[in-house]
*Asks:* 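I'd like to ask you about the structure that follows.
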Amino acid sequence: MESFQITHFNLRETLYSGQFFNFREEVNGLYTIVNGGDIFQVKQEENMIYYVGVDKNYLIDFFGLDFDEKKLSYFSDDVYFKEAFTLYRGLKIMNIDLFQTIISFVCSAASNQKKIENNIRLISKTFGTFNEKFDRHTFPTPEQILLEGNTLDLLLECKVGYRAKYILSICKFLVEQPTYLHEILRGDYTTSHKLLMNLPGIGSKVADCICLFGLHHMQAFPVDTWIKKILSTWYGIEGSQKHLELQAKEKFGDYGGYIQQYLFHYAREKKLL
DNA sequence: TACCAGGTAAAAG
DNA sequence: CTTTTACATGGT
């Protein structure tokens, strides 16, 4: 295995923070990770990262290791963020395969982390390409998902429930419009968010998660049930979904997504609220 | 057994 | 334009 040194990175904390759902822990802290068509293994021991299957630059991009934390200094006086950052520094915002992120967060609606992980694992196993070296399946392309005739039934076997029809429609849409994912990748935050909202099963919150974890648009601030409680209890911000989104963008600024992830992780881990 | 889960879309007010 | 409800499934 190759290796490199890194400070202020926590692999486990990052993987389990609810951004990413396609990994498996092997023995003693070794993780096998599926990111779109790429499969690789990573392990952390203190400040060393050991890896096989991809190169160092890939991991820096995937785990967002080049993010300059000084950019968050404008919010460092906030008591809740300060506490969360002290506890969980090393939690990074990832940069995950776009299509996999889209499907993952379509599955996230009214679900939970364990269920989403199971959905994504089953979708990989059912539609993806088997990789002998790592004994895992890639995450499929839209074409691969449509390849089987009875896609809807197969998706239901992946236990995605009512989200199956959304996934099927999204795959058809993306196959009919082959440049659409590139347009999403190329656009700025506002453009990408709009393009994502055109897809069935994707509303404002899911689009923001995809913008943040799949496109690294740091100003995306997903307002979910946890964040609603946080905004209300800690910051006295209440109102409609639209109102909360606007207020949050104003309060948390250009790197609101990063701050949001710390607050979210902190509230969940400590079982606050 | 109920109720809820990193919501969305469609129906109804 | 705002509020309510159905939607599949599994965790707690």
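Residue numbers start from 1 in every chain, and the chains themselves are labelled A, B, ... in the order their sequence lines are given, proteins ahead of strands.
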*Asks:* Let me know the distance between CZ of A:Arg163 and P of B:dG7, rounded to the nearest Å.
*Replies:* 10 Å
*Asks:* Base, sugar-phosphate, or nothing for A:Ser169, non-hydrogen atoms under 4.0 angstrom?
*Replies:* nothing
*Asks:* Should the pair A:Phe85 and A:Phe81 be assigned to parallel (<30°), tilted (30 to 60°) or perpendicular (>60°) ring geometry?
*Replies:* tilted
*Asks:* If you look at every strand shown and take non-hydrogen atoms under 4.0 Å, does A:Phe21 touch a base, only sugar-phosphate, or nothing?
*Replies:* nothing
*Asks:* Within the 4.0 Å heavy-atom criterion, would you say A:Phe105 contacts the bases, only the backbone, or no part of the nucleic acid?
*Replies:* nothing
*Asks:* Could you work out which one of B:dG6, B:dT8, C:dG10 sits closest to the side chain of A:Lys159?
*Replies:* C:dG10
*Asks:* Any donor-acceptor pair under 3.5 Å between the side chain of A:Gln19 and the base of B:dG6?
*Replies:* no
*Asks:* Return the nearest nucleotide to the side chain of A:Arg268; candidates are B:dG7, C:dG10, B:dG6.
*Replies:* B:dG6
*Asks:* Backbone N or O of A:Lys82 within a donor-acceptor pair of the A:Thr86 side chain at under 3.5 Å?
*Replies:* yes
*Asks:* Find the distance A:Glu245:CD to B:dT8:P and express it as a whole number of Å.
*Replies:* 9 Å
*Asks:* Which nucleotide in the list B:dA5, C:dT9, B:dG6 gets nearest to the side chain of A:Lys229?
*Replies:* B:dA5
*Asks:* Would you please test A:Glu157 and A:Lys159 for salt bridge (Lys or Arg N to Asp or Glu O under 4.0 Å) and show each step?
*Replies:* CA-CA 5 Å; A:Glu157 286 175 28; A:Lys159 304 300 179 186; over 6 Å; no
*Asks:* Surrounding CG of A:Asp254 (heavy atoms of other residues, nucleotides or ligands, distance under 6.0 Å), is the total greater than 12?
*Replies:* no
*Asks:* Without decimals, in angstroms, what is the distance between A:Asn198 CG and B:dT8 C1'?
*Replies:* 15 Å
*Asks:* Please state whether the rings of A:Phe252 and A:Phe75 are parallel, tilted or perpendicular, taking 30° and 60° as the class boundaries.
*Replies:* tilted
*Asks:* Using atom OH of A:Tyr166 as one end and atom C1' of C:dC7 as the other, report the distance to the nearest whole Å.
*Replies:* 7 Å
*Asks:* Using atom CG of A:Asp208 as one end and atom P of B:dG7 as the other, report the distance to the nearest whole Å.
*Replies:* 13 Å
*Asks:* Whole angstroms only, please: what is the CG-P distance between A:Leu199 and B:dG7?
*Replies:* 19 Å
*Asks:* Under 4.0 Å between any heavy atoms, over every strand shown, what does A:Gly18 touch: base, sugar-phosphate, or nothing? Just pick one.
*Replies:* base
*Asks:* Would you tell me if any nitrogen or oxygen in the side chain of A:Lys165 comes within less than 4.0 Å of OP1 or OP2 on C:dA8?
*Replies:* yes
*Asks:* Select one nucleotide: of B:dG6, B:dA9, B:dG7, the one nearest the side-chain heavy atoms of A:Trp226.
*Replies:* B:dG6
*Asks:* Base, sugar-phosphate, or nothing: which does A:Ile116 touch, judged by heavy atoms less than 4.0 Å apart?
*Replies:* nothing
*Asks:* Specify the separation, in whole Å, of atom OH of A:Tyr162 and atom P of C:dA6.
*Replies:* 14 Å
*Asks:* Give one of base, sugar-phosphate or nothing for A:Glu117, where a contact means two heavy atoms less than 4.0 Å apart.
*Replies:* nothing
*Asks:* Counting distance alone, no hydrogens or angles: does the base of C:dG11 have a donor or acceptor under 3.5 Å from a partner atom on the side chain of A:Gln113?
*Replies:* no
*Asks:* Is the shortest side-chain N/O distance from A:Ser204 to OP1 or OP2 of B:dT8 below 4.0 Å?
*Replies:* no
